[in-house]
Engineer: 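This is the structure I have questions about; it appears just below.
For clarity, every value in this text was computed on a predicted model and none was experimentally measured. Lettering follows sequence order; numbering is per chain, from 1. Quick note: numbers below take in every heavy atom, side chains included, and nothing from hydrogens, waters or symmetry partners.
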Amino acid sequence: MKLPYSYYQNQDVVFLAKDLLGKVLFTEIEGNITAGIIVETEAYFGVMDKASHAYGGRRTDRTEILYNDGGLSYVYLCYGIHHLFNIVSSVKDEHHAVLVRAVEPLIGTEIMELRRNMPVSKAAISSGPGSAAKALGIDRSFNTKDLTGEEIWIEDHNIRYTPDEITARPRIGVAYAQEDAFLPWRFFVKGNKYVSKPNK
DNA sequence: CAGAGGATGTGCT
DNA sequence: GCACATCCTCTGG
């Protein structure tokens with residue numbers, strides 16, 4: 001049920017970003033389990049991708065995590081406010097990651113409502129990378145955690161989407177990446193209300 | 001050691 | 001639709 005270490009060693013991060021749609025992301029914090037179905041992701045293609053934090057082999061304290069083998073979480077703070085959760089899928093000299101941009105609340109929804117201070121009926125509860133992380137209780141203390149461990153993990157609940165149920169679009173907020181900003185490496189489930197805007 | 005800026009969300013207009 | 005919150009990280013001096 002829990003995705004194994006080997007799953008995260010897949011070198012095709014674009015495939016992985018698509019394959020993660022429908023997988024279920026869990027966290028357990030002080031005995032509270034929450035989980036959501038991943039409905040929106042973005043692929044970041046290692047050293048070749050100007051939008052990636054590992055572009056050009058860039059290596060700093062923050063990005064050091066990307067230079068480990070896959071199967072770790074990469075959480076960093078954006079705009080001083082939002083925690084963004086990534087799945088590291090690096091192997092050898094390929095330092096890839098997948099950003100989880102939205103989840104559909106599945107388990108522990110009342111806990112998510114407390115964390116987000118809004119009813120689960122509102123799509124904004126877990127729509128967008130900052131909100132999805134907050135709903136699941138993910139903050140920077142989750143950085144570098146093992147995704148096959150006891151605090152954060154991903155399960156396959158046999159939810160499958162057909163190719164025509166998935167939309168590919170350019171990634172959000174990466175205008176600085178020049179020509180790479182146009183790559184259609186944002187994937188989301190068509191019509192799912194928890195997908196962040198723009199969702200068409 | 002200071003300063004700028006960022007893979008965004010919210011609330012007000 | 002737009003302003004602004006808020007702070008870590010990287011860069012340059």
Engineer: Mind checking who dA2(B) pairs with, Watson-Crick or G-U wobble, both distances under 3.5 Å?
Structural biologist: dT11(C)

Engineer: Rounded off to whole Å, could you give me the CD1-to-P distance for the Ile125(A) and dT10(B) pair?
Structural biologist: 10 Å

Engineer: Quick one: is Tyr79(A) getting a side-chain N or O under 4.0 Å of the dT8(B) phosphate, OP1 or OP2?
Structural biologist: yes

Engineer: Could you check Tyr67(A), Tyr55(A), Tyr44(A) and say which one makes a ring-ring contact (aromatic ring centres under 6.0 Å, His included) with His95(A)?
Structural biologist: Tyr67(A)

Engineer: Could you work out which one of dT8(B), dC10(C), dT10(B) sits closest to the side chain of Thr60(A)?
Structural biologist: dC10(C)

Engineer: Rounded to whole Å, please give me the gap between CG in Asn117(A) and P in dT10(B).
Structural biologist: 11 Å

Engineer: Would you indicate what Ile81(A) reaches in the nucleic acid, counting non-hydrogen atoms under 4.0 angstrom: base, sugar-phosphate, or nothing?
Structural biologist: base

Engineer: Whole-Å distance between dG11(B) C1' and Met118(A) CE?
Structural biologist: 12 Å

Engineer: Measure from CZ on Arg171(A) to P on dT8(B) and round the result to the nearest Å.
Structural biologist: 12 Å

Engineer: Please state how far atom CZ in Phe85(A) lies from atom C1' in dT8(B), giving the value in whole angstrom units.
Structural biologist: 18 Å

Engineer: Between Lys197(A) (NZ) and dT10(B) (P), how many Å, whole number?
Structural biologist: 13 Å

Engineer: Does the dA7(B) base have a donor-acceptor partner in the side chain of His82(A) within less than 3.5 Å?
Structural biologist: no

Engineer: Under the criterion salt bridge (Lys or Arg N to Asp or Glu O under 4.0 Å), I'd like the reasoning laid out for Lys18(A) against Asp12(A): C-alpha separation, chi angles, the key distance, then a yes or no.
Structural biologist: CA-CA 10 Å; Lys18(A) 270 185 285 196; Asp12(A) 187 346; over 6 Å; no

Engineer: Given dA7(B), dC8(C), dG9(B), which nucleotide is nearest the side-chain atoms of Asn86(A)?
Structural biologist: dA7(B)

Engineer: I would like to know whether Arg58(A) and Thr63(A) meet side-chain hydrogen bond (donor to acceptor under 3.5 Å, both in side chains); could you show each step before the answer?
Structural biologist: CA-CA 8 Å; Arg58(A) 177 187 180 78; Thr63(A) 62; 5.8 Å; no

Engineer: Report which part of the nucleic acid Arg186(A) touches: base, sugar-phosphate, or nothing (heavy-atom distance under 4.0 Å, all strands).
Structural biologist: nothing

Engineer: Looking for any heavy atom pair under 4.0 Å, which part of the strands does Arg58(A) touch: base, sugar-phosphate only, or nothing?
Structural biologist: sugar-phosphate

Engineer: For the residue pair His53(A) and Tyr76(A), does the interplanar ring angle fall in the parallel (under 30°), tilted (30 to 60°) or perpendicular (over 60°) class?
Structural biologist: perpendicular

Engineer: Mind calculating the distance between CG (Leu84(A)) and C1' (dC8(C)) to the nearest angstrom?
Structural biologist: 13 Å

Engineer: Start with the C-alpha distance between Ser196(A) and Arg186(A), add both sets of side-chain angles, then the distance that settles side-chain contact (heavy atoms from CB on, under 4.5 Å), and finish with yes or no.
Structural biologist: CA-CA 11 Å; Ser196(A) 65; Arg186(A) 172 184 179 227; 3.5 Å; yes

Engineer: Under 4.0 Å, heavy atoms only, any strand: does Arg62(A) hit a base, just the sugar-phosphate, or nothing?
Structural biologist: sugar-phosphate

Engineer: 5'-most contact on DNA chain B: Val174(A) or Ala124(A), nearest heavy atom basis?
Structural biologist: Val174(A)

Engineer: Whether Tyr44(A) contacts dA7(B) is assessed here as follows: a side-chain N or O lying under 4.0 Å from the phosphate OP1 or OP2. Is that the case?
Structural biologist: no

Engineer: What is the distance, to the nearest angstrom, from the CG atom on Asn143(A) to the C1' atom on dC7(C)?
Structural biologist: 16 Å

